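Worksheet for the structure shown next.
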2 protein chains.
Amino acid sequence: MFDIEALIETLTENIKELFFKEWINLDLKFSKSEIFTMLLIDKSKEITMSEFAENINVPMSTATGIADRLVKNQYLKRERSEEDRRVVVLKLTDKGSQMVKELKEMISKYLNMVMDDLTDEEKQFLGKIAFKIIDIFKSNREPEVTHDLKKEKIKTIEIE
Amino acid sequence: MFDIEALIETLTENIKELFFKEWINLDLKFSKSEIFTMLLIDKSKEITMSEFAENINVPMSTATGIADRLVKNQYLKRERSEEDRRVVVLKLTDKGSQMVKELKEMISKYLNMVMDDLTDEEKQFLGKIAFKIIDIFKSNREPEVTHDLKKEKIKTIEIE
DNA sequence: TTAAATAGTTCGGTATACGAAATATTTGGA
DNA sequence: TCCAAATATTTCGTATACCGAACTATTTAA
């Protein structure tokens, strides 16, 4: 165990800077979903709606909305699959690819800004630790949560 | 410089686990704002609306909304300041304090889950590095961003 | 050849964010 | 003292995002 109070204190003191400054998003015209969507599609070149929804962990109707916005603003294009005409494939437009390029540059600049302040030894550790943390999250372990904190799954129904 | 492509690859591969799993929020009935609000008030015991809005970096009208929800669900109470009757003071209710206690336990469990997998040396480095990173963010430095990425500040006005 | 399954979108309701106007109270002169 | 300006907060109207359920189009399987 370690000092949770001190940590929470640090967290709350830095809330404003760390969490409400919208992070990667600070002054950009894209939301978190939109940025990840573009990076995701850039990586795989194209993606179906189902794959997309699965990847970002939202229902199809939400995925449609995210894609809609990006298509409307011409960062993505929708195409029907030739093999299965029910399937919609999302691709980056040229404008979208250009944006991804700029996004990557920006992310890179941010990272370098952080990295510049770390020693080589610290950088090495950071790399190792980051992967460990990612693995832990990926392994899907969850601590037990007190009942109160859980979302109510059962709704009351009013009868008149 | 370092390998931005590899990093973005790692990020996108882990999008689902790291970012869309709602992080601290995974199955809880509170939003990010609400959790931070309760932790914030717990720390200072009470807070005015202006202080609150300033701390979480939102306009007053938004702060009112966040407080409204928490008051409605009885985690917070609103009180008028005796000295200046314009001022509203937010405090945790007993229910709210209990919730903060549970939240802290949960955060602690998550952290320990991560910490258990790190060596002592890594833990030490993590602490040091975390503070460095926080300082960098707090120092408000920003990398230059290509014009395209910036939010349009000027809106077009339609004339009929 | 047609019912069931699959892929995606549309629609309607709900929640959140926030600017501008409104309300209430305090303060700083004339 | 009195009142206009300043301050603290809420209310209102609007815009945006999320998501379940119903719906459309297409493919599959019997």
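These figures come from a predicted structure and were not determined experimentally. So that the names make sense, note that chain A is the first sequence line, chain B the second, and so on, each numbered from 1.
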Could you give the [atom1]-to-[atom2] distance, from [X] to [N], as a whole number of Å?
X	N	atom1	atom2	answer
Met49(B)	dC18(C)	CE	P	13 Å
Phe52(A)	dT6(C)	CZ	P	22 Å
Glu79(A)	dA7(C)	CD	P	19 Å
Leu70(B)	dA15(C)	CG	P	14 Å
Phe36(A)	dA17(D)	CZ	C1'	17 Å
Glu51(A)	dT6(C)	CD	C1'	14 Å
Asp68(B)	dT14(C)	CG	P	18 Å

In chain order, what residues pass the side chain to side chain contact (heavy atoms under 4.5 Å, CB included) check against [X], with sequence neighbours excluded?
X	value
Glu46(B)	Val89(B), Lys91(B)
Asp68(B)	Thr64(B), Arg78(B)
Thr62(B)	Val58(B), Pro59(B), Ile66(B)
Ser97(B)	Leu92(B)

Quiz item: What is the nucleic acid contact for Met60(A), judged by heavy atoms within less than 4.0 Å: base, sugar-phosphate only, or nothing?
Solution: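 Result for Met60(A) = base.
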Quiz item: Who passes side chain to side chain donor-acceptor pair (under 3.5 Å) against Asn73(B), sequence neighbours left out?
Solution: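 Asn73(B) satisfies side chain to side chain donor-acceptor pair (under 3.5 Å) with no residue once adjacent residues are dropped.
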Quiz prompt | Where protein sits on nucleotides 18-30 of chain D, one letter per nucleotide: B base, S sugar-phosphate only, - none, heavy atoms under 4.0 Å | solution = SBBB---BBS---
Quiz item: Is the closest basic N to carboxylate O distance between Asp42(B) and Lys104(B) below 4.0 Å?
Solution: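 Here Asp42(B) pairs with Lys104(B) in a salt bridge, since their nearest N and O are under 4.0 Å apart.
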